[in-house]
Every structure is written in C-alpha cells, then in structure tokens.
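Computed from heavy atoms alone, side chains included, the values below leave out hydrogens, waters and symmetry copies. Just so we're on the same page: letters track the sequence lines, and every chain starts at 1.
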Amino acid sequence: MRWSQYFIPTLREDPTDAEVVSHRLLLRAGLIRQLGAGIYSYLPLAQRSILKISDIIREEMNAIGGQEFYLPAIHPAELWQESGRWSGMGDNMFRLKDRKGGDYCLGMTHEEVFADIARKHLNSYRQLPQVWYQIQTKFRDEPRPKSGLLRVRQFTMKDAYTFDIDYAGLDISFEEQRRAYCRIYDRCGLEYVIVEADSGSMGGTASNEFMVYTDAGEDMVASCPKCGYAANTEKARSRMNGIDDGSTDQAVEKFPTPGVRTIEDLVTFPGGAAADRQIKTLVYVSVGEKGDETKSTPVLALLRGDHPLNEVKLSNALAKLINKDGWRQTAVRPAHPEEIFDILGAHAGSLGAAGVTNLTVIADEALRGRRNMTTGANEDDHHLRGVSIERDIEVKEWVDIRTVAEGEGCPKCDGLLRVAKALEVGHIFKLGTKYSDSMGARVLTAEGKEVPIVMGSYGIGVERILAASIELHNDEAGIIFPITIAPFQVIVTPLNMKDADLKSTADRIYDELTRAGVEALYDDRDERAGVKLNDADLVGIPFQMRIGQKKLKEGKVEFYTRATRQSEDVAADAAMELALQRIQQATRKLNYAE
RNA sequence: CGGGGCGUGGCUCAGCCUGGUAGAGCGCUCGGUUCGGGACCGAGAGGUCGUAGGUUCAAAUCCUAUCGCCCCGACCA
C-alpha cells in the first residue's frame, strides 16, 4: 500500500475533545472520526486492525467448535417482550416504529434471537451441545457516551451462545469459552485479568469479566496479590477486623445534635462516635412493575458509618424481595428528600432504623452483632446512642451491600486487597435457563423428558480490544501496536523521495516484502524526513525500514523497532529477510504465549 | 436527567466583556530554495461566525429560544 494514495489523515495537533489516551491517538493517528456522540467512523487503518482482531476471535471460536451466524440488527418488539427485557432494558434500547406502527428495536445483544432459533430447531439432546456465535454490530443508547471508542452507542461485538442439556454441560462449555478468551487476548497482545462479576440485567448464575487495568476504565476491580482472588467491586467481598463495642449492652439514649448532618460531623461532635461505631441509614426506592402496574417500595439500607454502599449489590438484594407474584424490579434509586421526610419524619442527617417497623430494613453483613452504636433518631437534630442492632432494629435481610476498599482483608486468604480501575473487554455468563424458560426453548432428554436448554452467553467488545491495546501500548510519540493487530506489519520509509537511489532501493524492498506476503506500507510521500518519521511513530506500525543516504552509501538500511525505538543496520539486500524473521518471531511470541 | 463549558475557513484558536464591513498559526494550491525528527521565501484559494427569532441606524459581539458537542455527576449488558 502506498501512503500517498492511502487515506491516513494524521493530525499535527492534539484534538481538544479527546481526554483519554486511546481517544486522542485514534484521532491523531487517523484511525477514526466522530459522526455523532458515541458514533464513530472507522477509517482504513482502524478497519484493518479491527478485521485482524475479528480474525483472531473467529479462529479461536471455530477452534472450540463455534459456528458463525449473522443475525439481524433490527428485532421485532415481541421477541423482547417475551423475555421481559423490552421494559427491562429501559432507555438504553434504541426503539423504532415501522410504517405500520409496529414496534422494533436495534439489538443490544442477541440472547432472544438465538433462543428463538434454538426453540424452533433444537428438539433433542442428540443435537446438543451447540456453540453459536456471530460478530455483529450492537446498538445501545448510552446515557453518556465518552472516551472515544471506550463507551459508544454503536459498536461491534462478538457474541457467542452455548446450548447444553444440563448444568454439567454448561460448565464444560463455559470452561471452553473461557480458555478461548484467554487465547484471544493473548494473541492480541493484551494484558488482562479474569474477575468474578455481577451478572447484571443478563441474569444467570455465574459470570466472569475479562478486565484490562487502565485508568480509562469505568469499573473497579479488587484483587489479592497473594492468592490471585480478583472480583469486580460490584461483587467483591472482604474480611473485616472486629471492632470493640464494649463489653456491656447499654440502654438506648436520645441526645441532641444540633447542626450535625453527616457521619463526619458526628465524629467530631462532643459525645458523638467514631465512624466505625455509627450506623449509616440510607433510604432507597425499589421500583417494580407487573404488566401495566408499577409500584415503589421504600427500603432502609444500613451500613457501618465509614462504609460506602454498593448500589449493584443493593439492587440485587432488593430484586430477590420484589421479584415475586409476577412483580419485577425495574429500577432502584435513592429516595428524594421529600419522600424521606414523609417516610421517616426527619431529614437526611438524622435518620435511623431503630424502632422502624413499617419498612423493609436491609443491613450490611458487617453490622452483624454490633452493639452500642450511634445513629439518627428520626427527629431532626437528634441522634441515638447505645443502639444494639439485633436488639433494637428489626432487620429483614442481612446482605453484603457495601463496597470493599483498598487494604481490607482478602476473603480467600490472609492477604490484603488492592482496588484499581479497569476496563471490561469481555464478559462470559452462565445464563442457565432464564431465556429458555421465558421463551420456551426445550428439548427431550434420552429418557424422553422435556427439559429447558441450559444456555451460556459470551461477549467481546471488538473495538474495546483496539482501544484498550492503545491505552496500554503507547508512548509520547504515539501508538505501539502489537504485531498481531497492527494495521500493517512494517513501513518502508525512504527519507527523501527526490533521491533516485533511495527511491529505487525503497521500491525494491517494498516489492520484496509484498511478494514475501508481508503487510507493508510504503511511505512514498514527498515529505520531509521529520514528517514521515513522526507519522510512522504516531501510527504505531511495529517495524520501520528506514532508507537514508548515509547508510545506503555503505549498502545498508536501518531496521527500526517501534516498541524500543532502536535501530539496527542491515545490508539492503538482506533487509527483507530480517523484516520477515522479526515479524514471524513477534507473531509467534503472541500466538503461542503461555 | 442535574451541574459546568464550548460552537468563528479543513485543523487549533483569537476577536465577544466595552456593537461599527472577520483575524492568526497550521493545512491546502502555484513558483522557488531546502531535505535524517513536523523547514523557509513569495503569491493565492477558502468563512451564511451552529440555527431561528428579537433589540439596534448597525450584531460574531447584547437578549430569547433551539440544536449539537465535550467534561463532572446520575446511570450503565
């Protein structure tokens, strides 16, 4: 490919709208352009890279028996109504009407469509297991798209689905997918961790996320360097040290606390209490629906004063209480200030659960057995001391609803947890029978019994691999692509196109490389050397063949490695061989990484 | 959805506060010099100042509405 005729609109200046590194470099290096909020055009360089990532995914999916499909992006509403997700997905789903007024949506994921095919055509245990996948465009109307390709409204996803006769089969399918995922990320040259995760609106029994540590991520991962435990903080647990509450149960005593509004206020207030000896009382509202009816259920969530609530954990706990008799929880939100006053007769800052009997009270596990605590009195400017939880508060459910913090004890060993930001690049779920039950996908067993198909669902964000790779692999000069996903493997750069010797040597080497099957880009632009070298570094092609006058007089050219920014001299006649060897070496290292 | 910011040649931005016939740098075209880390000289092309309405003798500038984009928060398979 000749650069002079190829479309690579590099930018000399940093785009002001781009905050995160990958966004900035994707724009500057001429890989993408924005069309709208969270909607991007992939230019030729990005498209080449994305196709390479897709090819790796495809190879690894095929290697575990995956069969590639291509399903529609437009789905009739009925399908999503059957699974209950037409309402469950809320505003995140793009919806549209056809000319007859029929409801449709743009697919956010494809459990429903695949399950529909499965229920129509899978009838017998003899047909199972099946591994189906596709690489397809997904649409999600994100409330806030951001960070370039990291959070967008249209993107490419590899989504795979497995169909098994029972849970033992699902375990095997899940494990195969997990291993395939490891190979995919290894081959893409991406450093990742596998973490325990929340299943979210997908439902299901277990899930793992594949995470890349980067500050551009939007999840927090807790991990233990000692035993390897790793979990999304939406799921992570930790070991707590005991706290001395004194040896005797005191009596509950109300005392005035004028102006005290926060946990911190009460710590410094004379006669107050340390944060870990306070009970924090939060008012949340669970919104549920049943057919056309909706209801709001206020609940109290109790935590140790210094512990932050984890809304995902709370939402999961509340869903268990709400989802029965045909009701389904659609949202969980903090109560509005007016609601709080109506419910408890006091404002935030003086709230407590002692003596509350008409509300569901959820308490965090870390409060179990605690005594002589201080909490709000449900009377403005008053608190209670001497509160012993199990004696004074009617707790409906004890659940883990707090967010773990750095430095807390690992739940699996005696190590200490670290917490760091991470980006989700893949998620695998054991779905179980959620969709086969709701959509009626059943098969006959060998004994002639009808059972629901046991499903798994496995997703990879294709562009996120590209963006995450750039987040991890860059320097002040630009992108540093791993060889396997680089748009080109080598760039041939004659430093002066007006020099006939340089040009003819470059022509020849480019021709040799191309004939040898190397993906080479030829920078044949009549630009100054500085421009060409800076562009080559910016775009991040792993190897450069630099052809300049001084070295060529000795019959040599320079072979430059982008990652190390080191050059080595090689005879012009041997240049192609060296490039080929280094490319193969680098590719092999990623493809057969352990 | 709440808070903040920004929309001016292709790009980055100045001009707006204090109204008076639209600017710079980069890029682009042509000519010349230069040629190993984003050169220089000369000559050019290119803008309904996001959109609509209002105030005014006069609006990029003041007012109102609206659209779009970015950031923080809420939310997020």
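A distance of about 43 Å separates the C1' atoms of B:C35 and B:U48, rounded to the whole Å. Comparing the same atom, P, in B:G7 and in B:A60 gives a spacing of 16 Å after rounding to whole Å. B:C28 sits 28 Å from B:C70 when the P atoms are compared, rounded to a whole Å. Look at the C1' atom in both B:G36 and B:C71: the space between them is 41 Å, to the nearest Å. Rounded to a whole angstrom, the distance from the C1' atom of B:A58 to that of B:A22 is 16 Å. Taking the P atom of each, B:G5 and B:A43 are spaced 43 Å apart, rounded to whole Å. B:G46 and B:G4 have their C1' atoms separated by 35 Å, with the value rounded to a whole Å. Nucleotides B:G73 and B:U61 are separated by 33 Å at their C1' atoms, to the nearest Å.
Atom CZ of A:Arg333 is separated from atom P of B:A74 by 16 Å (rounded to the nearest Å). Following rounding to the nearest Å, A:Leu27 (CG) and B:G10 (C1') show an atom-to-atom distance of 15 Å. Residue A:Glu142 contributes atom CD, which lies 9 Å from atom C1' of B:C75 at whole-angstrom precision. For the pair A:Asp219 CG and B:C75 P, the interatomic distance rounds to 14 Å; values are reported in whole Å.
Taking A:Ala405 as the reference, A:Glu408 meet the side-chain contact (heavy atoms from CB on, under 4.5 Å) condition, with sequence neighbours excluded. The ring-ring contact (aromatic ring centres under 6.0 Å, His included) test applied to A:Tyr133 returns no partner, not counting sequence neighbours. Every residue two or more places apart in sequence or in another chain that forms a side-chain contact (heavy atoms from CB on, under 4.5 Å) with A:Glu558 is listed here: A:Arg546, A:Lys551, A:Ser567, A:Asp569. Under the ring-ring contact (aromatic ring centres under 6.0 Å, His included) criterion, A:His347 pairs with A:Phe341, not counting sequence neighbours. Not counting sequence neighbours, the partners of A:Ala486 by the side-chain contact (heavy atoms from CB on, under 4.5 Å) test are A:Phe481, A:Pro542. Residues satisfying the side-chain contact (heavy atoms from CB on, under 4.5 Å) test with A:Ser504, not counting sequence neighbours, are none. When the salt bridge (Lys or Arg N to Asp or Glu O under 4.0 Å) test is applied to A:Arg525, the partners found at least two apart in sequence or on another chain are A:Asp523, A:Asp535. Every residue meeting the ring-ring contact (aromatic ring centres under 6.0 Å, His included) condition with A:Phe543, not counting sequence neighbours, appears here in chain and number order: A:Phe559. Residues satisfying the ring-ring contact (aromatic ring centres under 6.0 Å, His included) test with A:Phe69, not counting sequence neighbours, are A:Phe114, A:Trp132.
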I'd like a list of close polar pairs between nucleotides 70-72 of chain B and the protein, N/O only, cut-off under 3.5 Å.
from, atom 1, to, atom 2, distance (Å)
B:C70, OP1, A:Gln34, NE2, 2.9
B:C72, OP2, A:Arg144, NH2, 2.0

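Geometric assessment of A:Arg95 against the ring of A:Trp80 yields a negative cation-pi assignment under the 6.0 Å and 45° thresholds. A cation-pi arrangement is found for A:Lys430 relative to A:Phe174, the charged atom lying closer than 6.0 Å to the ring centre and inside a 45° cone about the ring normal.
Here B:U33 sits opposite B:A39 as a Watson-Crick or G-U wobble pair (both hydrogen-bonding atom distances under 3.5 Å). Nucleotide B:A22 forms no Watson-Crick or G-U wobble pair with any nucleotide shown, as no partner meets the under 3.5 Å limit on both distances. Figure legend. B:G53 is base-paired to B:C63; pairs are counted as Watson-Crick or G-U wobble with both atom distances under 3.5 Å. Pairing for B:C69 goes to B:G5, judged as Watson-Crick or G-U wobble with the two contacts each under 3.5 Å. When both pairing distances are held under 3.5 Å, B:G47 makes no Watson-Crick or G-U pair with any nucleotide shown.
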Reading nucleotides 2-7 of chain B from 5' to 3' and marking B where a protein heavy atom lies under 4.0 Å of the base, S where only the sugar-phosphate is that close, and - otherwise, the string is ------
Heavy-atom protein contacts under 4.0 Å, nucleotides 34-47 of chain B, coded B base, S sugar-phosphate only, - none: BBBBBB--------
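If you check every strand for non-hydrogen atoms under 4.0 Å, A:Tyr458 touches nothing.
Comparing A:Arg153 and A:Glu234, the nucleotide of RNA chain B nearest to each residue sits closer to the 5' end for A:Arg153.
Side-chain N/O atoms of A:Tyr435 and A:Arg85 include a donor and acceptor closer than 3.5 Å.
In this pair, A:Phe429 and A:His427 present their aromatic rings parallel. The plane angle is below 30°, not in the 30 to 60° band.
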